[in-house]
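In what follows, a single structure is set out as structure tokens and then discussed.
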Protein chains: 2
Amino acid sequence: MKKLLTISTQDYLKHIYELTEHNAPASTNTLAARLKVRPASVTGMIQKLANEKPALVEYQKHQGVTLTKEGRRAALEVIRHHRLLETWLVQTLGYSWDEVHEEAERLEHVISEDFEQRVAEALGHPLRDPHGELIPTANLEMPLEDATPLSTLRKNQRGTIVSVRDADADLLRYLERLGLIPNTHIEAIDYSPFDHNLTIKVGEQTRVLGLSVTNKILIKED
Amino acid sequence: MKKLLTISTQDYLKHIYELTEHNAPASTNTLAARLKVRPASVTGMIQKLANEKPALVEYQKHQGVTLTKEGRRAALEVIRHHRLLETWLVQTLGYSWDEVHEEAERLEHVISEDFEQRVAEALGHPLRDPHGELIPTANLEMPLEDATPLSTLRKNQRGTIVSVRDADADLLRYLERLGLIPNTHIEAIDYSPFDHNLTIKVGEQTRVLGLSVTNKILIKED
DNA sequence: AACTTTATTTAGCCTTACCTAAATCAATTT
DNA sequence: AAATTGATTTAGGTAAGGCTAAATAAAGTT
């Protein structure tokens, strides 16, 4: 007897999850920007979510918002849907890496538990989606991230790209052109401590990447 | 620059299409029953749909409602989505014949044109869904039905099941148990003009079917 | 033709989730 | 400590799409 949440509520929870993932409560304004809604609307919605029983968010006026246990589970459910869907759309309908997001964004709210299970099964219970993001488990826990930002790689170290985080479609297309997609093997050939630029070798190519990019790419050293 | 319709509107149009398929305008009450909504709500919604520009339905107080050209196209779009989705879910996720309906019912409203095309492509542009229902074409026309009701089959005639129309999940499960699913070959071995019962042979089995069943099964003679 | 039953419509309300404008709080400067 | 600025909240509205109850229209009976 799980409570049914509106699409809008699911979206709020998902975005709150993402904004609070690295500690720190989410502010009304950033949430409003993410949701493409006015700050006043966010305040209203948050107040409702905080007064549900059980409460989905923890909220003190002017102090930002965090998820409760219930809220977190609901958020992880949506995120699991999203990431499974992206994986599935890429694998079975030939969507490209950067096209799937929008489609999954709409589907994630309407698929059944049964559908979720069938897709997970069909995909062999994948750990990561096509961007390399971790997929929450069936019992709604987020696996630990065992990859590290590319920005921590230093001269002569090698690694394999695992994930590209928080990237918009433009950046994804850019990275795809550079061949910087999950499973690609790379080697750091230079690092500048001044501007934090990292020079890497990707296959035959040499690329120089700034911090804003190297921070978004996760790798596993090898 | 197609107009975006709400899920609710899409549902109204779809059900109006189905109720008016064999001539005759749809009445407020039957529509309300189908949509699981009160008659008063139907009146309200229909009035809105009739006043859209362009109008989606034709409506005269107390005379029932029919679709306009625009309304019909919108309805066929939803029905195309539904039937493609059912076909796809059965083929790629192993849904059974009688389980797909609900899932497709929710997905049909949120998939993109791109998704529709990819699925149609992946399936090889099928003509019928798993129930045998005709799938509207990409340019939103309903193909002509070239199959006939099983109730017209007479002693010693043979045919192949093409479709099971308007059946609820219970009937579908029942027919599945009897082996009466699309592509099954059958032969009429007796017909009673009094009660319209038809005795047929399905593989090794002999079955006696009443009119309420034989009218819902479409076949092609051979 | 009058009455009864059933179908349909009108009127008035509710909820959800958004909006704008105005008010208040918090943080930073001066 | 006061003032300014920016973030947040309150107050009051709007549009969808439901609902109930009451009013009206149509259809069927006597």
Side-chain angles (χ1 to χ4, degrees), chain A residues 2-16 19-20 24-67 71 74-75 78 105-106 108-110, chain B residues 2-16 19-20 24-67 71 74-75 78 105-106 108-110:
Chain A
K2 207 184 301 177
K3 219 165 183 194
L4 6 47
L5 306 178
T6 63
I7 293 178
S8 188
T9 297
Q10 292 179 19
D11 267 334
Y12 272 86
L13 295 175
K14 183 176 74 168
H15 282 103
I16 294 168
L19 288 173
T20 58
S27 81
T28 303
N29 261 6
T30 37
L31 207 39
R34 286 282 196 299
L35 291 161
K36 297 189 174 156
V37 138
R38 297 315 187 129
S41 308
V42 171
T43 301
M45 183 59 140
I46 280 173
Q47 286 171 344
K48 195 175 325 181
L49 298 182
N51 293 327
E52 299 269 325
K53 39 172 196 164
L56 295 167
V57 303
E58 189 73 56
Y59 167 67
Q60 299 282 106
K61 275 187 192 180
H62 299 278
Q63 302 309 142
V65 65
T66 56
L67 293 175
V78 181
E105 196 79 4
R106 277 172 289 112
E108 67 189 9
H109 304 293
V110 303
Chain B
K2 206 184 303 179
K3 219 165 181 195
L4 10 44
L5 306 178
T6 63
I7 292 179
S8 188
T9 297
Q10 292 180 21
D11 267 333
Y12 272 85
L13 295 175
K14 183 176 71 167
H15 283 102
I16 295 168
L19 289 173
T20 56
S27 82
T28 304
N29 263 4
T30 39
L31 208 37
R34 287 281 197 300
L35 291 161
K36 298 190 175 156
V37 140
R38 298 311 185 137
S41 307
V42 170
T43 301
M45 184 58 142
I46 280 173
Q47 287 171 345
K48 196 177 323 182
L49 297 183
N51 294 326
E52 299 269 324
K53 39 171 199 168
L56 295 167
V57 303
E58 190 71 55
Y59 167 68
Q60 298 281 105
K61 274 188 192 179
H62 300 276
Q63 302 309 146
V65 65
T66 56
L67 293 174
V78 181
E105 197 81 2
R106 278 171 288 112
E108 66 189 10
H109 304 294
V110 303

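The chains referred to below are lettered A, B, ... by the order of the sequence lines, with proteins before strands, and numbering in each begins at 1. All values derive from a computational prediction rather than experimental measurement.
Considering only side-chain N and O atoms, T43(B) lies nowhere under 4.0 angstrom from the phosphate OP1 or OP2 of dT10(C). Side-chain N/O atoms of R38(B) include none lying less than 4.0 angstrom from OP1 or OP2 on dG18(D). Using a 4.0 Å cut-off, no side-chain N or O of S8(B) falls inside it from OP1 or OP2 of dA16(D). At the phosphate of dG6(D), neither OP1 nor OP2 sits under 4.0 Å from any side-chain N or O atom of N29(A). Note on T6(B): a side-chain N or O is less than 4.0 Å away from OP1 or OP2 of dG17(D). Considering only side-chain N and O atoms, Q47(B) lies under 4.0 angstrom from the phosphate OP1 or OP2 of dT10(C). Within the structure, every side-chain polar atom (N or O) of Y59(B) is placed at least 4.0 Å from both OP1 and OP2 of dT8(C). Contact between the side-chain N/O atoms of K61(A) and the OP1/OP2 oxygens of dT10(D) is found at a separation under 4.0 Å. An OP1 or OP2 oxygen of dT16(C) is reached within less than 4.0 angstrom by no side-chain nitrogen or oxygen of Y12(A).
Across its full length, the helix from dA1(C)-dT30(D) to dT30(C)-dA1(D) shows an angle of 10° between the axes of its 5 terminal pairs at either end, rounded to 10 degrees.
In this structure, the side chains of K14(B) and E105(B) come closer than 4.5 Å at one or more pairs of heavy atoms. With contacts defined as side-chain heavy-atom distances shorter than 4.5 Å, the pair D11(A)/E108(A) qualifies. Contact annotation: the side chain of I16(A) never approaches that of T66(A) to less than 4.5 Å [non-hydrogen atoms, C-beta and beyond]. The shortest distance between side-chain heavy atoms of L13(B) and L5(B) falls below 4.5 Å. Residues S8(A) and M45(A) meet the side-chain proximity criterion, which asks for heavy atoms closer than 4.5 Å. Looking at K61(A) and T43(A), their side chains never come closer than 4.5 Å, going by heavy atoms from C-beta outward.
For E58(A), the CD atom is loosely surrounded, since the number of other residues' heavy atoms within 6.0 Å does not exceed 12. The number of heavy-atom neighbours closer than 6.0 Å to CZ of R106(B), taken from other residues, nucleotides and ligands shown, is above 12.
Only one option out of V65(A), V57(A), L67(A) pairs with L49(A) in a side chain to side chain contact (heavy atoms under 4.5 Å, CB included); it is V57(A).
Regarding L49(B), its CG atom lies at a distance of 12 Å from the C1' atom of dA16(D), rounded to whole Å. Residue M45(A) contributes atom CE, which lies 18 Å from atom P of dT8(D) at whole-angstrom precision. If you take CD1 of I7(B) and P of dG17(D), they are 10 Å apart, rounded to a whole angstrom. Rounding to whole angstrom units, CD1 of residue I46(A) and P of dA17(C) are separated by 14 Å. Atom C1' of nucleotide dT10(D) and atom NZ of K48(A) are separated by 15 Å, given to the nearest angstrom. In this entry the distance linking CD of E52(B) with P of dA15(D) reads 14 Å, nearest Å. Separating the CD atom of Q63(A) from the C1' atom of dA27(C) is a distance of 12 Å, rounded to the nearest angstrom. Rounded to whole angstrom, the span from the CG atom of N51(B) across to the P atom of dT9(C) amounts to 13 Å.
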Could you go over nucleotides 22-24 of chain C and give all protein N or O partners under 3.5 Å, atom names and distances?
none

In sequence, state the C-alpha distance, the side-chain angles, and the governing distance for Y12(B) and V37(B), and then conclude on side-chain contact (heavy atoms from CB on, under 4.5 Å). CA-CA 11 Å; Y12(B) 272 85; V37(B) 140; 3.7 Å; yes

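Minimum atom distance to the side chain of S41(A) is reached by dC18(C), of the listed dC18(C), dT9(C), dG18(D).
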